[in-house]
Trainee: 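After the structure tokens below, expect a handful of questions from me.
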Amino acid sequence: MLALIKSLRGDKVIWALIALLALFSFMPVFSASSNLAYAGKGTGNTVSYLIKHLVHVALGFFIVYRIHKIPYHYFRSISRILLPFIWLLLAYTLFKGTVIAGANASRWIQVPFVGISFQPSTFAFIVLMIFVARYLSKTREEPLTFKSSFIDLWLPVGITLMFILPANFSTAALIFAMVLMLVFVGKYPLKYIGAVLGIGIVSLAFFILIAKAFPNPLTTRVNTWEARIERFFNDDVQDPDEVYQIERAKTAIATGGIYGVGPGKSVQKNFLPQSSSDFIYAIIVEEFGLAGGLAILGIYLLLFFRIVIAAHKANTLFGKLVVVGLGFPIVFQAMINMGVAVELLPTTGQTLPLISSGGSSIWVTCLALGIIINVTKKEEEIAAENKEKAMRDAALQKMIDKQLKEDEETLQKEEENKDNPDYSIEDNPMNAVLNK
């Protein structure tokens with residue numbers, strides 16, 4: 001184990017925070033999975049859910065470890081190659097995907113012969129952010145026009161969002177917001193960002209109008225969005241189906257108090273359908289209290305600060321943008337999940353990174369963190385090389401100083417001998433005759 005820990009490279013604080021969140025996740029996931037164990041045709045065995053979560057986390061750490069060994073600049077070209085493949089996956093998911101965990105839209109793909117489901121939209125998030133970072137770093141020194149950037153940058157972004165939006169509005173909105181944030185950090189012209197934002201709002205309005213005007217399966221999704229937003233802004237909404245989950249989450253948070261009811265003793269976990277994923281933060285606060293909730297919030301904020309530091313230390317623009325583009329969404333997604341649980345935000349369906357159950361969510365988060373650590377590893381290697389170079393320079397300077405000192409002493413002796421010549425005869429020339 002010690003050998004494995006020593007083999008880890010990159011920001012050690014980020015490694016520690018990942019491990020801390022992953023280890024903590026076992027308690028609320030094990031507790032919150034009880035409603036899944038008894039629901040439907042469940043057997044009541046929660047251990048199987050714990051083992052499943054253990055497999056997801058273990059595979060996630062394996063992903064982080066393997067990804068952090070690959071030079072991060074390789075992902076520059078990989079993102080461009082993977083983007084069309086991602087579009088095919090998203091299109092297939094939109095029309096042929098499956099519905100899991102009570103969702104009313106097709107968001108998952110079932111892997112044949114393996115029995116594993118994953119959300120292509122989460123993987124598309126990673127690929128798209130790297131693609132945007134690649135474009136911004138490539139065009140930083142070149143003259144930029146809106147027409148050229150619209151074709152090379154915004155058209156791929158728009159196609160990706162077009163496939164995600166019908167089934168998952170919250171993820172599409174989060175991706176669009178994070179792309180705008182990234183191009184702002186990458187010093188993309190503000191007037192162009194405003195134009196893209198306007199185009200995005202108009203496109204969304206047009207999509208809603210089409211869905212309303214011509215009733216189809218998309219109309220149900222639009223009605224769901226409207227109901228959630230209306231319920232959030234209107235306290236008079238009395239539809240129990242719309243307020244059920246959030247009211248149970250608020251009850252769980254109120255029950256928790258300062259120190260909580262204790263690990264595994266949550267009551268609301270038996271009534272929250274998404275207690276182990278979307279609303280797991282409410283279960284955490286119920287069992288560990290306000291202290292536990294603030295501790296989780298503090299860990300995510302510390303992760304955010306380490307990501308900012310990693311972006312600042314990156315020696316290339318592409319590295320800086322990759323860290324920002326992949327790191328900030330993880331923290332923002334955590335804030336959204338916690339904001340939904342305490343009713344600061346409308347219900348979105350975003351999971352709590354590294355804590356909520358679900359394989360694709362954990363694996364994609366680990367993939368993003370592995371690339372971030374990869375960038376910090378590069379900086380660590382550069383720092384080690386600079387330290388080694390400084391040590392070699394210091395050793396070489398010592399050798400030079402020593403040699404100069406010896407040369408100076410030799411020169412000084414020669415000068416002394418020149419000023420005081422020795423005319424004594426050490427060997428008697430008659431010895432050769434006397435000894436004959």
Side-chain angles (χ1 to χ4, degrees), residues 20-39 42 46 49-50 53 56-57 100-104 170-171 174 224 227-229 231-233 235 237 239-301 303 330-358 361-362 365:
L20 187 61
L21 288 171
L23 289 174
F24 176 80
S25 70
F26 285 94
M27 291 184 286
V29 166
F30 180 66
S31 174
S33 62
S34 61
N35 69 327
L36 299 176
Y38 288 97
T46 56
Y49 291 92
L50 182 65
H53 184 66
H56 290 161
V57 171
I100 295 179
N104 55 358
S170 61
T171 298
L174 179 62
T224 301
R228 287 176 176 176
I229 295 174
R231 192 213 61 77
F232 179 74
F233 288 104
D235 293 334
V237 175
D239 187 353
D241 293 335
E242 296 296 333
V243 301
Y244 179 78
Q245 288 209 99
I246 191 64
E247 290 300 328
R248 288 289 179 268
K250 289 164 63 177
T251 302
I253 292 172
T255 305
I258 301 296
Y259 301 107
V261 297
K265 297 180 180 179
S266 168
V267 175
Q268 297 305 317
K269 67 185 179 183
N270 300 312
F271 304 101
L272 270 169
Q274 304 295 330
S275 59
S276 63
S277 55
D278 298 354
F279 285 91
I280 195 170
Y281 187 69
I283 305 303
I284 291 173
V285 176
E286 182 182 8
E287 295 186 349
F288 298 93
L290 180 63
L294 291 177
I296 295 298
L297 176 62
I299 294 174
Y300 282 112
L301 290 177
L303 178 62
I330 295 174
V331 181
F332 291 162
Q333 181 181 336
M335 298 303 167
I336 291 172
N337 179 277
M338 291 184 278
V340 169
V342 299
E343 207 182 9
L344 288 176
L345 296 172
T347 305
T348 61
Q350 297 296 322
T351 58
L352 192 60
L354 294 174
I355 292 182
S356 294
S357 63
S361 174
I362 294 174
T365 301

Trainee: Indicate yes or no: at least one non-hydrogen side-chain atom of Thr351 is less than 4.5 angstrom from one of Asp278.
Mentor: yes
Trainee: What pair of heavy atoms forms the shortest contact from Gly264 to Ser31, and how long is it?
Mentor: CA-OG, 3.4 Å
Trainee: For Phe26, what residues pass the ring pair (Phe, Tyr, Trp, His ring centres under 6.0 Å) criterion, not counting sequence neighbours?
Mentor: His53
Trainee: Rounded to the nearest 0.5 Å, how far does CZ of Phe30 lie from CG of Leu50?
Mentor: 5.5 Å
Trainee: When rounded to the nearest 0.5 angstrom, what distance separates CD in Glu343 from NZ in Lys250?
Mentor: 4.0 Å
Trainee: Considering residues at least two apart in sequence or located in another chain, which fulfil the ring pair (Phe, Tyr, Trp, His ring centres under 6.0 Å) criterion with Tyr300?
Mentor: none
Trainee: For Lys269 and Glu286, work out which heavy atoms get closest and say how close.
Mentor: N-OE1, 4.5 Å
Trainee: Within this structure, what is the CE-CD distance for the pair Met335 and Gln350, rounded to the nearest 0.5 Å?
Mentor: 14.0 Å
Trainee: Rounded to the nearest 0.5 Å, what's the gap from OG1 on Thr255 to CZ on Arg248? Could you check?
Mentor: 10.5 Å
Trainee: Of all the heavy-atom pairs spanning Ala249 and Ala341, show the shortest one and how long it is.
Mentor: CB-O, 3.8 Å
Trainee: Should Ile355 and Ile284 count as side-chain neighbours, where that means a heavy-atom distance under 4.5 Å?
Mentor: yes
Trainee: Where do Ser266 and Ile283 come nearest, in terms of heavy atoms and distance?
Mentor: OG-CD1, 3.7 Å
Trainee: Which heavy atom of Val29 sits nearest to which heavy atom of Ile280, and what is that distance?
Mentor: CG2-CD1, 3.8 Å
Trainee: Once rounded to the nearest 0.5 Å, what's the spacing between atom OG of Ser25 and atom CG of Leu352?
Mentor: 9.5 Å
Trainee: Heavy-atom distance under 4.5 Å between the side chains of Phe24 and Ile299, does that happen here?
Mentor: no
Trainee: Nearest 0.5 Å, what's the CD-OG distance between Gln333 and Ser356?
Mentor: 8.0 Å
Trainee: Restricting to non-hydrogen atoms, name the atom on Ala252 and the atom on Ala282 that form the minimum distance, rounded to 0.1 Å.
Mentor: CB-O, 3.8 Å
Trainee: Run the ring pair (Phe, Tyr, Trp, His ring centres under 6.0 Å) test against Phe279 and tell me which residues pass, sequence neighbours left out.
Mentor: none
Trainee: Could you tell me whether a side-chain N or O of Tyr259 sits under 3.5 Å from a main-chain N or O of Ala291, the two making a donor and an acceptor?
Mentor: no
